[in-house]
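No hydrogens, no waters, no symmetry mates; every other heavy atom, side chains included, goes into these values. Not measured: the values here are computed from a predicted model.
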Amino acid sequence: MRESSVPALVELPDSANLTDAPFARAAEQPGRAVIRRQEGSTWRDVTAKEFRDDLVRLAKGLVAAGVEPGDRVALMSRTRYEWTLIDYAIWTVGGVTVPIYETSSAEQAEWIIGDSGAKAVFVETEAHAATVGSSRDRLAALAHVWIIDGDDLAGLGDQGGDVGDEVIDERRRARAGADLATIIYTSGTTGRPKGCELTHANFVGTARNAIEGALTEVVQARDGSTLLFLPLAHVFARFIQVLCVESGVVLGHSPDVTNLVDDLGGYRPTFLLAVPRVFEKVYNGAEQKASAAGKGKIFHAAADTAVAYSRALDDGGPGLALKLKHGVFDKLVYGKLRAAVGGQVGYAVSGGAALGERLGHFFRGVGITILEGYGLTETTAPATVNTPSKIRIGTVGKPLPGVTVAVAEDGEILIKGVNVFQRYWHNETASDESLDGGWFHTGDLGSLDADGYLSITGRKKEILVTAGGKNVAPAPLEDRLRAHPLISQCLVVGDGRPFISCLITLDPEALVPWKAQNGRPEGMTVAELREDPDIIKEIEAAVAAANSSVSRAESIKKYRILDVDFTEAAGHMTPSLKVKRHTIAKDFAAEIEALYS
């Protein structure tokens with residue numbers, strides 16, 4: 001078994017908890033901006049003192065409402081200032097936050113609230129309240145439902161008027177690192193979601209070690225700031241929230257991704273976090289825009305130059321000719337791409353899926369270094385990450401300080417360290433299966449190189465075994481296919497079959513400019529376009545490119561273009577944009593059978 005380990009740089013006292021940072025900063029630097037709130041078209045700084053005062057007021061209301069230490073409080077909302085405020089207020093009174101995606105169905109919300117035994121739930125809207133209310137009679141422990149959009153938060157704060165500051169101080173200081181901070185339910189790609197128990201020490205220890213080690217250059221940059229737009233119900237965004245509060249990076253929230261471009265322009269963050277699909281769409285959108293303006297050749301030349309420039313940085317540095325060429329394209333192309341994300345972004349942290357190597361080099365060549373990392377809910381988000389000074393594009397980096405990563409004989413990735421969760425809530429069977437002697441069995445497959453950099457090769461449970469006995473990891477093929485501008489999602493199939501096949505969906509957004517550029521009627525539907533010879537030619541090329549990365553036995557022999565996309569609303573995608581393989585295979589069983597008939 002090969003191992004890679006990085007010693008912890010920060011040792012936490014047993015008493016450390018998530019509320020230490022906001023209260024200490026309010027006492028030491030009360031006027032320092034820690035959050036930036038959007039008010040209309042402008043952004044207003046929230047100082048450390050203002051944030052502390054807001055959360056104390058809300059915490060007093062929670063105490064008055066009967067929330068006791070250890071009580072679970074659910075939170076169902078988009079990413080916004082109130083999410084962070086409520087989260088820290090719950091921790092301040094000793095409670096346990098239970099996030100729920102704001103897109104969750106009534107059945108999903110009922111399961112999480114009921115399984116966690118939540119005493120109260122914050123919801124964003126009246127519609128969310130109705131979603132929760134539909135199962136209220138079956139949720140015996142649920143005593144309160146508070147609506148964020150309305151007067152409930154102010155009213156709750158008013159209820160706490162008789163609660164003294166000493167009560168809040170006592171509650172806050174009573175929580176220790178080993179105490180439960182949150183129960184985050186997995187996305188449920190392989191069944192009913194399981195609740196991961198994460199402690200105060202999991203978050204604080206992982207964040208402080210990242211600040212002092214792996215992400216020092218990112219979070220300690222002058223005037224450091226980030227704009228969260230991924231769901232805070234997901235562990236990835238939640239960890240970054242904690243990282244910002246611990247480090248003093250100014251935190252902003254963008255609740256509506258349709259306004260993201262405008263929000264980025266107004267906020268102007270210094271770093272971002274996103275899933276690879278976001279970077280793919282940025283690239284594909286820029287490519288299509290250039291082609292529509294008759295500048296496709298210029299864009300492709302600029303892209304090739306950016307990739308070459310980035311690769312040269314790892315191989316002695318770019319020569320004079322490449323530097324000059326890069327400088328020209330920086331004025332023509334790269335500066336516009338940087339401006340699209342606010343103009344100040346130097347780094348982006350990517351996780352949740354694999355980022356193509358060429359895409360990683362492209363963005364670094366443009367001036368935005370994407371730091372690809374790896375982790376799971378059970379590891380408080382990050383386990384490994386590339387660092388600005390020691391980046392190895394194509395890998396997910398080395399372990400964070402305080403983390404050890406190993407690859408077992410069968411290729412499974414094992415993790416232990418400050419970030420590993422305690423257990424699954426009320427699920428001893430799953431806990432015993434996943435945790436062994438401090439090691440968490442991830443279910444993912446990977447390899448460690450001689451320098452300790454981890455590469456992900458697939459998921460253990462997703463390995464397809466063809467009728468001929470060939471083991472095939474679908475993820476590498478799917479990642480390459482999704483990099484094509486016209487492809488939205490895909491699912492590689494072939495378990496027990498004579499060969500590998502694939503279901504492919506078209507990207508509705510990308511089809512709009514494609515139709516304009518190729519003389520197709522604006523009203524032409526996806527069902528019609530999937531039969532279009534030029535579309536088929538594009539998809540054929542994408543499949544051929546994906547197949548070039550694998551052996552003949554692993555390559556895609558047949559594919560089918562669907563007339564619908566895989567979406568979260570249809571139950572085919574998780575909120576973190578992972579495909580639900582079993583659900584798709586069931587719903588599209590006829591299409592899969594047709595590939596082998």
Side-chain angles (χ1 to χ4, degrees), residues 79 99-105 108 111-112 184-196 229-240 257 273-281 349-356 359 372-384 396 412-413 421 424 430 434 440 442-446 456-464 473-483 487-493 495 502-505 507 562 564-588:
T79 296
I100 304 174
Y101 286 101
E102 53 94 14
T103 54
S104 296
S105 66
Q108 291 168 327
W111 164 253
I112 292 173
I184 302 181
Y185 283 77
T186 59
S187 53
T189 55
T190 57
R192 193 178 280 281
K194 301 189 291 288
C196 298
F229 57 90
L230 295 182
L232 271 165
H234 190 271
V235 70
F236 187 20
R238 190 84 166 290
F239 171 75
I240 295 296
V257 293
L273 74 153
V275 293
R277 190 61 180 149
V278 171
F279 300 115
E280 290 167 359
K281 281 186 170 290
V349 182
S350 175
L355 178 75
L359 205 59
E372 193 172 5
Y374 165 75
L376 306 93
T377 305
E378 290 87 344
T379 62
T380 323
T384 69
V396 291
E412 184 177 11
I413 299 167
F421 76 133
Y424 292 112
S434 297
F440 168 57
T442 66
D444 290 323
L445 301 174
I456 309 299
T457 57
R459 180 142 185 90
K460 198 173 180 179
K461 292 182 180 179
E462 292 176 359
I463 292 295
L464 308 175
L477 287 165
E478 292 167 350
D479 292 338
R480 282 181 173 257
L481 284 171
R482 280 195 297 268
I487 295 178
S488 175
Q489 297 294 337
C490 55
L491 185 80
V492 170
V493 298
D495 197 43
C502 186
L503 299 178
I504 294 173
T505 74
D507 189 333
L562 303 179
V564 295
D565 199 2
F566 300 150
T567 65
E568 183 187 351
H572 300 141
M573 303 287 292
T574 71
S576 56
L577 302 182
K578 296 185 180 72
V579 294
K580 293 185 175 181
R581 311 189 76 86
H582 298 295
T583 302
I584 294 171
K586 178 182 177 182
D587 290 354
F588 294 92

Any F236 side-chain heavy atom under 4.5 Å of V349 side chain
yes

Measuring only between side-chain heavy atoms, which start at C-beta, is C196 closer than 4.5 Å to Y424?
yes

For a side chain to side chain contact (heavy atoms under 4.5 Å, CB included) check, start with the C-alpha distance between L477 and C502, then their side-chain angles and the critical distance, and finish with the verdict.
CA-CA 10 Å; L477 287 165; C502 186; over 6 Å; no

Kindly compute the distance separating CG (D507) from CD1 (I487), expressed to the nearest 0.5 Å.
10.0 Å

Validation row: I240, L230 side chains within 4.5 angstrom (heavy atoms)
no

If you take all heavy atoms of A473 and G458, which pair is closest and at what distance?
CB-CA, 4.4 Å

R238 side, atom CZ; L232 side, atom CG - distance, nearest 0.5 Å:
7.5 Å

Charged N to carboxylate O below 4.0 Å: is that the case for R581 and E462?
yes

Is there a side-chain contact between M573 and V579, using heavy atoms and a 4.5 Å cut-off?
yes

Whether H234 and Y101 hold their rings parallel, tilted or perpendicular, with breakpoints at 30° and 60°:
tilted

Over all atoms of both residues, closest heavy-atom pair of F229 and L273
CZ-O, 3.5 Å

When you measure from the side chain of E378 to the backbone of F440, do you find a donor-acceptor pair of N or O atoms at a distance under 3.5 Å?
no

So which atom in T583 and which in G571 form the shortest heavy-atom distance, rounded to 0.1 Å?
CG2-O, 3.5 Å

Mind checking the CZ-CD1 spacing from F566 to I584? Nearest 0.5 Å is all I need.
4.0 Å

What are the two closest non-hydrogen atoms of S350 and V275, and how far apart are they?
OG-C, 4.3 Å

Which distance, rounded to the nearest 0.5 Å, do you find between the SG of C490 and the CZ of R480?
12.5 Å

Considering non-hydrogen atoms only, spot the tightest contact between P193 and W111 and give its length.
O-NE1, 3.2 Å

Judged by atom type as modelled, is there a donor-acceptor pair below 3.5 Å linking the side chain of T505 to the main-chain atoms of L562?
no

Side chains of T442 and Y374: closer than 4.5 Å at any heavy-atom pair?
yes

Between T377 (side chain) and T186 (backbone), is there a donor-acceptor pair under 3.5 Å?
no

Residue that, paired with Q489, satisfies side-chain contact (heavy atoms from CB on, under 4.5 Å) out of R482, H572, E478
R482

Side-chain heavy atoms of F588 within contact of L491, under 4.5 Å
no

Quick one: list whatever passes side-chain contact (heavy atoms from CB on, under 4.5 Å) with Q108, sequence neighbours left out.
S104, S105, K580

For residues I413 and G446, report the shortest heavy-atom separation together with the two atoms involved.
CG1-N, 3.7 Å

L359 side chain reached by P276 side chain, heavy atoms, under 4.5 Å
no

N/O donor-acceptor pair under 3.5 Å between E412 side chain and G443 backbone:
yes

